[in-house]
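Side chains are part of it too, since the values below use all heavy atoms of this structure and drop only hydrogens, waters and symmetry mates. If you read the sequence from its start, that first residue is 1, and numbering goes on from there.
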Amino acid sequence: MQNAMLWGEYKSCIRLNTVFEKAFPYMSVSNLLRLTAIVFAAVTLVVLGDTAGKLLTAGGVDPFVVAWSRFGLAAVLLLPFSGLSFAELSHLKDWRVLLRAALIASGICLILTALKTEPIANVFGAFFIGPIVSYALAVVFLGEKPSRVRAMLLGLGFLGVMLVVKPGFGATAGIVFALCAGVCYGAYLATTKMVASKFRPRFLLISQLLVGTIILTPLGLSVELPQLDVGISLLILGSALGSAMGNYLLVIANRMAEASLIAPLVYSQLISATVLGVLVFGDWPDLYSLAGLAIIIISGLGSLHVTRRGAAAVAAPATGKA
């Protein structure tokens, strides 16, 4: 009797994982949880890099210098670990690789410009037009077909963003720069999904760093360079490594799942931005912002919850439970 029950539970688990694999190829329950953790770690690292960038621009360093140093320093530090081969150099001319690098370089310049004058939570709120752009591009150009529920959850997350950044959507130049940065970032996410299965993650990381450095060098040299001291050097290093490692983890995530599934999870970046805004800049969220954060959490994890509930309903007959 006990063996029969164990066999029934085993078949239930197999059936449960089969449902997930059909919904998300090569995805099990544990992999979905791991995907959530990877995306959250990635976006938190990006926020740390941008927080260091805001501290630099607030101290008078030009945003183009910050972006240039971010790409250049990360390229120098990570090139020995990239595994870049001579044969792969030809891939640097691939239009998708060049477009992806240009998009992330443009997005970083724009968001650093926005952070110079706007609170970090407001900037990231406007920046979160990005997942919507990524979602739309994935559906239109990549042929992804997300469910209606996942589309609704993405929209719910965007409503949460509106609650958090309600003061920031005036006609200020900083918010316009942040919105443009979000558009670039959304296109970057979609382009990353396009090439994630065709190139190594480390190649994609080093390619965006090398191409981005080349693109930004004329801009970085056209403005006044700061005098380096220990504080500025550490901030530049933190800005470079935070952004580089965060985007590397996003490449890993895009190899695990569809862009339309990753898009809601990227909303957790606003949670990191709000926490760092409190800790570093003393920007405390009000009740409306806290409500928005709760909605964002629901949106980010909602697709996982809905999928698990549907999988459990399919697996229930195998266990004999109603």
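When hydrophobic clusters are built by joining Ile, Leu, Val, Met, Phe, Trp and Tyr residues whose side-chain heavy atoms come closer than 4.5 Å, directly or via intermediates, M194 is grouped together with V140. Linking ILVMFWY side-chain heavy atoms closer than 4.5 Å, directly or via other members, places L221 and I236 in a single hydrophobic cluster. When hydrophobic clusters are built by joining Ile, Leu, Val, Met, Phe, Trp and Tyr residues whose side-chain heavy atoms come closer than 4.5 Å, directly or via intermediates, F86 is grouped together with L204. Hydrophobic clustering (side-chain heavy atoms under 4.5 Å, transitive across Ile, Leu, Val, Met, Phe, Trp, Tyr) keeps F177 apart from L216. With hydrophobic clusters built from ILVMFWY side chains whose heavy atoms lie under 4.5 angstrom apart, V280 shares a cluster with I232.
Contacts of L241 classified as side chain to side chain contact (heavy atoms under 4.5 Å, CB included), with partners at least two apart in sequence or in another chain: L77, L237. Remark: R96 engages D94 in a salt bridge (charged side-chain N to carboxylate O under 4.0 Å, His left out) (not counting sequence neighbours). Scored by the side chain to side chain contact (heavy atoms under 4.5 Å, CB included) test, L235 finds A52, L55, L56 as partners (sequence neighbours excluded). Every ring pair (Phe, Tyr, Trp, His ring centres under 6.0 Å) that F199 has, sequence neighbours left out, goes to H91, F203. Every residue meeting the side chain to side chain contact (heavy atoms under 4.5 Å, CB included) condition with A75, not counting sequence neighbours, appears here in chain and number order: L209, L210, T213. Residues satisfying the side chain to side chain contact (heavy atoms under 4.5 Å, CB included) test with A187, not counting sequence neighbours, are L103, L137.
Between F281 and K54, the closest side-chain pair of non-hydrogen atoms falls below 4.5 Å. With contacts defined as side-chain heavy-atom distances shorter than 4.5 Å, the pair K193/L189 does not qualify. Side chains of L250 and T192 form no contact here, defined as non-hydrogen atoms less than 4.5 Å apart. In this structure the side chain of L45 never reaches within 4.5 angstrom of the side chain of Y248, judged on heavy atoms.
Rounding to the nearest 0.5 Å places CD1 of I206 at 7.0 Å from CG of L84. Taken to the nearest 0.5 Å, the CG atom of L110 stands 11.0 Å off from the CG atom of L115. Rounding to the nearest 0.5 Å places CG of L179 at 10.5 Å from CD1 of I111. Between the OG1 atom of T191 and the CZ atom of F141 there is a distance of 10.5 Å, given to the nearest 0.5 Å. Separating the OG atom in S243 from the CD1 atom in I108 is a distance of 3.5 Å, to the nearest 0.5 Å.
For residues 176-190, every residue pair satisfying the side-chain hydrogen bond (donor to acceptor under 3.5 Å, both in side chains) rule, not counting sequence neighbours, is listed here: R100-Y188, Y188-Q208, Y188-N247. Counting only residues at least two apart or in different chains, ring-ring contact (aromatic ring centres under 6.0 Å, His included) contacts with residues 47-82 are absent. Residue pairs meeting the side-chain hydrogen bond (donor to acceptor under 3.5 Å, both in side chains) criterion with at least one member in residues 38-49, sequence neighbours excluded, are T44-S272. For residues 209-233, the set of pairs meeting the ring-ring contact (aromatic ring centres under 6.0 Å, His included) definition, not counting sequence neighbours, is empty. Evaluation of the salt bridge (Lys or Arg N to Asp or Glu O under 4.0 Å) test over residues 62-73, restricted to residues two or more places apart or in two chains, returns D50-R70. Judged as a ring-ring contact (aromatic ring centres under 6.0 Å, His included), not a single pair has a partner in residues 205-242 (not counting sequence neighbours).
Nearest heavy atom pair, residue V65 against residue P226, reads CG1-CD, 3.7 Å. A pairwise comparison of heavy atoms in L78 and L205 identifies CD1-CD2, 3.8 Å as the closest pair. Considering all non-hydrogen atoms of both residues, G212 and A101 come closest at N-CB, 4.4 Å. Taking each heavy atom of A240 and S69 in turn, the nearest pair found is CB-O, 4.4 Å. Here the closest non-hydrogen pair linking V183 and I129 is N-CG2, 3.7 Å. The nearest pair of heavy atoms linking I38 to L249 is CG2-O, 3.6 Å.
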The test is side-chain contact (heavy atoms from CB on, under 4.5 Å); show your working for L92 and L89 and say whether it passes. CA-CA 6 Å; L92 294 174; L89 293 178; 4.1 Å; yes
